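Report on the following structure.
Predicted, not measured: the structure shown is a model, and the values here were computed from it.
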Amino acid sequence: MLHVWVWIATEFVDANFRFKDKILYFRAMKFLRKLLFPFALVYAAVLHIRNFLYDKAIFTSSAPSIPVIAVGNLSVGGTGKTPMIEYLIRLLQSQYTVAVLSRGYKRKSTGFILANETTSVQELGDEPFQYHQKFPEITVAVDANRSNGINQIQNQKPNTQVILLDDAFQHRKVKASLYLLLTAYNDFFYDDFVLPMGNLREARSGKKRAHSIVVTKCPPALSAVEQANIKAKLGVTQPVFFTSIGYDQQVYSSNTRLLVADIKTQQKVLLAGIAKPKPFFQALQSGQDQELIYPDHHNFSAAELAKIERITTQKLVITTEKDYVRLQPQLPENSLYYLPIQTQFIAEEAAFVQFIKSHVESSTRNR
């Protein structure tokens, strides 16, 4: 899609162009986006009609019999849905029987699949497989048809008490009991436009369906004044929370861990196939590191794996947790490590916890 090629080109520009060339490039991209304005209007109109039909119950949505929390965004990728899902798992799993349902983006399978001890990353997709590995006590399933996926979970795992829907804000065939809308700091939906002119999956008015807005990837020291300014620009009456990404102090392999402080000055290879890799690189990089960048959810070819293995001989390879689950079976385990991340609240974490737990408790009690 357009936004992917824009991002790849931008990364290339950052690495290879002089300042003057960058200015010319961004002017060209701005002009190209303006040319796409008519197509964006058509796309927005189609989405508006679709949402109107769901809002008026002309298109029907199924409401599951247990609490369902949908985590999603208005923009395309890179807002921190995975660490938010993991935060919710940690929050709820000690009190409730939790299931996670994802579509399993870029998996090499179709239909409904329930994760078990023999399920591969190719069958589940990288993010669901990551959930399954980190939280083996919960149910993890994939299905592009969320309605069918929920029904299958309830049939096969009847003790399930709450379902977390990963990346399902626009999946309106299911009516979740709670919607969390994520928007990334410095990439707010209120500054964007719908595809293909911008990066929004739907118009900004979609925010009305959310029960809460979570601003992700904020600077940890974001001031109360700036938080208030952002809330005003979001233009919502729902609760707004602010989070940052917390990086672990260690990197991990299948059987070893190393302190980030000890390896940060070493020459190493940093590898990322995620939407916005710069913060990951900044958490680890020194001036002598080599950076390998791939598209989000990238499936590595045999030629790419051979190249990575050749480049990384005698060096540590540090990657993201999502990339690690795809690379770990295919690269030497003694040199491949990953850096975990977690959602961290800047303020009002107790209020968010109460917000989530109160919803699940009341929804469970009333069904």
What pairs of residues pass the side chain to side chain donor-acceptor pair (under 3.5 Å) test when at least one of them lies in residues 345-356, not counting sequence neighbours?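 Matches after skipping sequence neighbours: Y87-E349, Q354-S358.
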
Could I get the full list of salt bridge (charged side-chain N to carboxylate O under 4.0 Å, His left out) partners for [X], not counting sequence neighbours?
| X | result |
| --- | --- |
| D55 | R172 |
| R326 | D126, D323 |
| K268 | D289 |

Is there a donor-acceptor pair closer than 3.5 Å between any side-chain N or O of E304 and the backbone N or O of S301?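 Present.
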
Test your reading of the model: is there a side-chain donor-acceptor pair from Q342 to the backbone of G246, 3.5 Å cut-off?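 Side chain of Q342 to backbone of G246, a donor-acceptor pair under 3.5 Å: no, none is there.
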
Connected hydrophobic set around V225, excluding itself, where side chains approach under 4.5 Å: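 Its cluster mates, by chain and number: none.
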
With the 4.5 Å side-chain cut-off for hydrophobic clustering, are I85 and V353 part of the same group?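 Yes, it is one cluster - the side chains of I85 and V353 are joined through contacts under 4.5 Å.
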
One thing to verify: whether K134 and E321 come together as a salt bridge, which I'm taking to mean a side-chain N less than 4.0 angstrom from a carboxylate O.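 Answer for the salt bridge query: yes.
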
Quick test of your reading of the model: are D187 and K276 salt-bridged, counting only N-O distances below 4.0 Å?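 The answer is yes: the pair qualifies as a salt bridge.
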
Is there a salt bridge (charged side-chain N to carboxylate O under 4.0 Å, His left out) between K233 and D191 once you walk through the steps? CA-CA 9 Å; K233 291 179 180 178; D191 284 332; over 6 Å; no

Starting from the C-alpha separation in whole Å, work towards a yes-or-no answer on side chain to side chain contact (heavy atoms under 4.5 Å, CB included) for D143 and L101. CA-CA 7 Å; D143 197 336; L101 178 62; 4.2 Å; yes

More than 12 heavy atoms of other residues, nucleotides or ligands under 6.0 Å from NE2 of H211: is that the case?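 Yes.
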
Does any non-hydrogen side-chain atom of V98 lie less than 4.5 Å from one of L164?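 Side chain of L164 against side chain of V98, heavy atoms only: contact under 4.5 Å found.
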
Is V236 close to L181 at the side-chain level, that is, under 4.5 Å between some pair of heavy atoms?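 With C-beta onward as the side chain, the pair stays apart.
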
Show me the donor-acceptor pairs within less than 3.5 Å that the side chains of residues 69-79 make with the rest of the protein, sequence neighbours left out.
unit_1 : atom_1 : unit_2 : atom_2 : d
N73    : OD1    : R201   : NH1    : 3.4
N73    : ND2    : T79    : OG1    : 2.7

For a side chain to side chain contact (heavy atoms under 4.5 Å, CB included) with L200, tell me which candidate from L47, V194, L195 qualifies.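 That would be V194.
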
